[in-house]
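Beneath this line is the structure, given in structure tokens, with notes to follow.
Counting starts at 1 for both ligands and their atoms, following the listed order.
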Amino acid sequence: MSSALYFAHKGILFPNIGYDVETVKFVENEFQLLDDDVLNVTYPKSGTNWMQEILGLIWHNGDPSWVRSSFAWDRSLWIETTDGMKIALASPPPRLMASHLPFQLFPKSFLQTKAKVIYTLRNPRDVLVSLYYYSKFFKGNKDPGTVEEYLEEFLSGNVTYGSWFDHVKSWLELKGRPNVFFNSYEQMQQDLRGSVEKICRFLGKELNSQQIDSVVENASFQKMKDNLKSNFTTMSDDAFDHKKGKLLRKGIVGDWKNHLTVAQSERFDRVYQEKMRGVSGTFPWD
Ligand code: A3P
């Protein structure tokens, strides 16, 4: 790991591009969440931007003008980034925000509010592959090397935002709280309309059937890929090497099968079993 690329806070790595340790500490200890806040929380590459688009559309009753005219990162404030936190502080409620923080670094104020969190999970094998490609084009991440090398980095949690296993377990501790909704990338793929309806119920947003149709239509992979405000293609060359990849890459379930060898997938399974021992409940990929 190049020390110039990352900094560590409480054992979790963060990219130096767009982040700083003071902001990360402030967000954990002093950032005040409010009852009306809605937060889209994920481990990276679990469908964050998809959820952002969905929430942006729900926020405006299915009307796509906002998601087509305002950049994703302006619509949904990224609380642990240097700029996102400042904008979040200056924004009036209700605020739509996003975060990749594991629960132990999430704003402590959360537990004293009714702020709502939607936590989206994705099969960690697909997360690994998506992150592998993302790391080739996001300059804030270390070059991933080969899939074999990256597999070991991912399994040991030596990647930004730390171990997938620890992240997911930290959030699953909150299961049962009325203001935390667990969602998965796979459920959205299987039944996007059903997922949108559940999210609306969780948020207390009443959309009619046509409005829900519009959310579903405008949050499709193709619509997002074509949306210059959502597809990252206009992000600065300082942060992204656009020749090397794109955010809207494949958008499918199970792409890991095209990338991991049998031996690599068995190695993944062994670590998965060990790290997830004692975690109750089933996941869509089980
Ligand atoms: P792939 O790299 O597997 O294609 P995040 O938003 O958390 O960074 O995750 C990015 C992943 O979500 C990418 O996965 C991307 O293609 C996928 N994604 C983004 N929007 C999507 C959509 N509308 N439908 C399906 N997948 C989507």
* To do: List in chain and number order the residues that pass ring-ring contact (aromatic ring centres under 6.0 Å, His included) with Phe221, two or more places apart in sequence or in another chain; answer none if no residue qualifies.
  => none
* **All pairs passing side chain to side chain donor-acceptor pair (under 3.5 Å) where residues 170-181 contributes a residue, at least two apart** => none
* Structure fact -> The ring-ring contact (aromatic ring centres under 6.0 Å, His included) partners of Phe110 (sequence neighbours excluded) come to Phe106
* Asked: For ligand 1, what is the set of protein residues having any non-hydrogen atom at a distance below 4.0 Å?
  -> Lys45, Ser46, Gly47, Thr48, Asn49, Trp50, Arg122, Ser130, Tyr185, Gln189, Ala219, Ser220, Phe221, Met224, Leu247, Leu248, Arg249, Lys250, Gly251
* Glu53/Lys223 salt bridge by N-O under 4.0 Å criterion -> no
* To do: Hey, could you give me the CD1/CD1 distance between Ile87 and Ile79, rounded to the nearest 0.5 Å?
  => 13.0 Å
* To do: Could you tell me whether Arg201 sits above the aromatic face of Phe181, with NZ or CZ closer than 6.0 angstrom to the six-membered ring centre and within 45 degrees of the axis?
  => no
